[in-house]
Amino acid sequence: MKIRRAVIPVAGKGTRFLPATKQVPKEMIPIINLPMIHYVVEEAILSGIEQVIFITSSGKNAIEDYFDRNFELEDFLIKSGKLKELELIQQIGKMVEVTSIRQKEQLGLGHAVLCAKDVVGNEPFAVILGDEIVRGPNPVTKQLIEVSQKNNNSSVIGVMEIDPQETSKYGIVKGDFINNEKHTMRMTTMVEKPHPSVAPSSLATPGRYIFKPEIFDALKVIPKGVGGEYQLTDAINLLAKESEVYAHIFEGERFDTGNIEGYLNATIEFALMNNDSSAMMKKIIKEKIQKYNIK
Ligand code: G1P
């Protein structure tokens, strides 16, 4: 079954990027000249998604505006003959159909996803979290859609190996490999942010999921979990009791842009990967190595 919609929760306060996020949504902080959310929506589009559903909160209008047309700016660019720039911003305005839903209280990721229930309807859908950007030849959400379609349109969680000392930052998944697959497992359990001493594995989700609509039934009945929040992880465990849930070790390089170190890493790497900025970034790095005598 075709997956047409992606839910992208963007209601978080972005405290790790204060004071920038006092006034600017963290999703709008740019890596080079594209806001972080651009990379995430691009992944959705390259995965065949036709409608993006942002779960927002107050102060996040800039995200919707970014994906909308801006006629005043277009007019200005036409008048000043900046046609290349005009094309660039027009393209973004036409990228994808966007719907926004306000999450009035921040009650957790599970609650955020549940807010999308009426817009998603009775269809499978994707959930993409924007704190981590995954890059590679095959978009990660597309990889998960393919696994879902191969397995009876089941729910699928994207996972990656992490440092076992870091399990308390993520939802950790345990499963059994299916048939002769090396990357796809049937999930047996998922634990939200376990201490390394009790983590069932070191396979973590960076926030990429495909869900059957039944996830909403689970989200409606789960109690508050870790951190006093309604956790998506708890709903996934409940869903796994009723139907098969798969975990897929995806291909691609992950950048944890939700914190300063990951953000700096992504900025340098993306500049090096990009044809327009690669030579510039190499020159800057060389100069800095000399200036600060970096060994
Ligand atoms: C959420 C999820 C967690 C997942 C993580 C990925 O946690 O609850 O399972 O591994 O996103 O970024 P958060 O980082 O929002 O606390």
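Note that ligands are numbered from 1 as they come in the structure, with each ligand's atoms numbered from 1 the same way. Below, all heavy atoms of this structure are taken into account, side chains as well, without hydrogens, waters or symmetry copies. This is a predicted model, so every value here is computed, not measured.
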- Do the charged groups of Glu50 and Lys2 touch, with an N to O distance under 4.0 Å? yes
- Query: Among protein heavy atoms, which sits nearest to atom 11 (O) of ligand 1, and what does the distance come to when rounded to 0.1 Å?
  - Reply: Leu129 CD1, 3.3 Å
- Query: Is ligand 1 under 4.0 Å from a heavy atom in the side chain of Ala204, in the backbone, in both, or in neither?
  - Reply: neither
- Message: Polar contacts were defined as any N/O atom of the residue lying under 3.5 Å from an N/O atom of the ligand; does this apply to Lys193 and ligand 1?
- Response: yes
- Query: Within the structure, does Thr205 bring an N/O atom to less than 3.5 angstrom of an N/O atom in ligand 1?
  - Reply: yes
- Query: Protein heavy atom under 4.0 angstrom of atom 15 (O) of ligand 1, is there one?
  - Reply: no
- Item | Contact atoms of ligand 1, heavy-atom distance to Glu132 under 4.0 Å | 12 (O)
- Query: So, Lys60 and Glu27, do they make that salt bridge, N to O below 4.0 Å?
  - Reply: yes
- Message: Can you confirm whether the side chains of Thr141 and Glu43 place a donor and an acceptor under 3.5 Å from each other?
- Response: yes
- Task: With Arg16 as the cation and Tyr263 as the aromatic partner, state whether NZ or CZ is under 6.0 Å from the six-membered ring centre and within 45° of the axis.
- Result: no
- State, without any angle test, whether Gln103 and Ser57 hold a side-chain donor-acceptor pair at a distance under 3.5 Å. no
- Item | Atoms of ligand 1, numbered as shown, that sit under 4.0 Å from any heavy atom of Gln231 | 8 (O)
- Would you say the side chains of Glu251 and Gln143 form a donor-acceptor pair under 3.5 Å? no
- Query: Considering distance alone, does some N or O of Glu192 sit under 3.5 Å from an N or O of ligand 1?
  - Reply: yes
- Would you mind running through ligand 1 and noting each atom that sits below 4.0 Å from a heavy atom of Thr233? 9 (O)
- Message: Does this structure show an ion pair linking Glu287 with Lys283, if we count only N-O contacts that are shorter than 4.0 Å?
- Response: yes
- Query: So which bit of Leu232 gets within less than 4.0 Å of ligand 1, heavy atoms only: side chain, backbone, both or neither?
  - Reply: neither
- Query: Side chains of Ser168 and His195: do they bring a donor and an acceptor to under 3.5 Å?
  - Reply: no
- Does an N or O anywhere in Gly171 fall below 3.5 Å from an N or O of ligand 1? yes
